[in-house]
Amino acid sequence: MQEILTGNFASLPLMRPPKSLRIVDWNIDRGRQLQGITDFLASVHADVLILQEVDINARRTHCLNIAEEIARKLGMNYVFGREFEELVQGSKNSPAYHGQATLSKWPILNPRLIRFSKQSDFWQPRWFLPKIEPFQERLGGRIALVAEINVAGLKLLTYNLHLESRGADALRISQLQEVLADASSCDADRLIVVSGDLNLDASKDAVAIAIAKAGFQDAVTARHTPTTPPRGLFEPGRQIDWAFVRGPVRTCSGQVHRGVKASDHYPISFTLTE
């Protein structure tokens with residue numbers, strides 16, 4: 001499969017930019033609960049969806065192209081970036097993939113991947129491991145999916161991140177810095193959204209300083225609000241899903257949707273206004 005897939009299901013866009021743009025970021029846990037995921041996304045009427053952990057042709061999600069299913073049902077365009085080939089979820093003749101997807105009611109232009117230079121080797125296949133799902137053997141590596149959205153002439157640049165879940169924060173910070181370095185090549189007044197599953201607390205000093213230095217602000221500002229459900233009596237959940245914005249806009253209505261149970265992450269949403 002190609003590293004990037006696209007599909008177009010949106011109707012013709014309006015000729016003038018809207019007064020605001022609603023954006024949702026969500027790790028959808030491969031799309032296992034597709035109906036619940038689609039129901040929620042339909043209810044928020046978002047202009048742009050930035051999704052992580054999206055399956056294509058995996059047994060666990062009924063061999064569907066999850067990004068295409070959501071895009072078709074919501075009448076949106078999509079771009080999918082391949083993160084891993086999931087060796088346990090497919091076969092030699094019918095491989096399965098996993099990655100990120102960005103969906104929009106508006107045309108999506110110039111998609112590309114940043115495949116991070118530093119990766120964990122945790123997911124690589126090993127001869128002594130049985131070929132069963134708990135071991136999640138994979139080929140590939142973590143990525144940022146970069147895409148430009150043409151909102152009636154207004155160009156929104158999106159970075160869709162899924163940083164490494166294994167290893168120390170130093171690895172994740174290195175991957176984030178690659179994204180910030182890429183964004184630094186853009187004009188200072190360029191409208192940019194960087195969001196996704198960072199697998200770290202971006203309010204910590206080293207990370208927060210790097211983000212602020214690159215000119216980004218927190219789009220949700222829900223401090224100390226977990227974006228994952230509790231994993232036990234003494235673990236109330238983690239705040240690891242984030243969205244940051246740079247450019248000539250204001251952000252408002254930032255929210256963590258903790259009532260949504262269709263994934264092992266909660267969706268976050270926010271609105272961009274002039």
Salt bridge present between [X] and [Y] (N-O < 4.0 angstrom):
X: K73; Y: E68; value: no
X: D187; Y: R190; value: no
X: D182; Y: R112; value: yes
X: E164; Y: R172; value: no
X: K118; Y: E178; value: no
X: E274; Y: K19; value: no

note = From the list D47, L154, N150, side-chain contact (heavy atoms from CB on, under 4.5 Å) partner of W106 resolves to D47
So, the side chain of [X] versus the backbone of [Y]: is there a donor-acceptor pair under 3.5 Å, distance only?
X: T38; Y: I70; value: no
X: S174; Y: A170; value: no
X: N160; Y: Q52; value: no
X: N77; Y: F9; value: yes
X: S20; Y: L272; value: no
X: S184; Y: A214; value: no
X: T61; Y: G31; value: no
X: N199; Y: I240; value: no
X: R59; Y: V88; value: yes
X: R115; Y: G141; value: yes

Contacts of D55 that satisfy salt bridge (charged side-chain N to carboxylate O under 4.0 Å, His left out) - sequence neighbours left out = R60
message = Under 6.0 Å from the ring centre and within 45 degrees of the ring axis: does the NZ or CZ of R142 meet both conditions for the six-membered ring of F116?
response =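 The answer is no; the distance or angle limit is not met.
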request  = Could you go through the side-chain hydrogen bond (donor to acceptor under 3.5 Å, both in side chains) check for S203 and D201 one step at a time?
outcome  = CA-CA 5 Å; S203 68; D201 183 350; 2.6 Å; yes
What pair of heavy atoms forms the shortest contact from [X] to [Y], and how long is it?
X: A210; Y: L180; answer: O-CD1, 3.8 Å
X: E53; Y: D29; answer: OE1-CA, 3.5 Å
X: S120; Y: L171; answer: N-CD2, 3.9 Å

ask   = So, F40 versus W26, ring centres under 6.0 angstrom or not?
value =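 Distance test on ring centres: under 6.0 Å, yes.
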request  = For residues V48 and L156, determine if any side-chain heavy atom of one lies less than 4.5 Å from a side-chain heavy atom of the other.
outcome  =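 SC-SC contact between V48 and L156 confirmed.
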Close side-chain approach of I268 and V24, heavy atoms under 4.5 Å = no
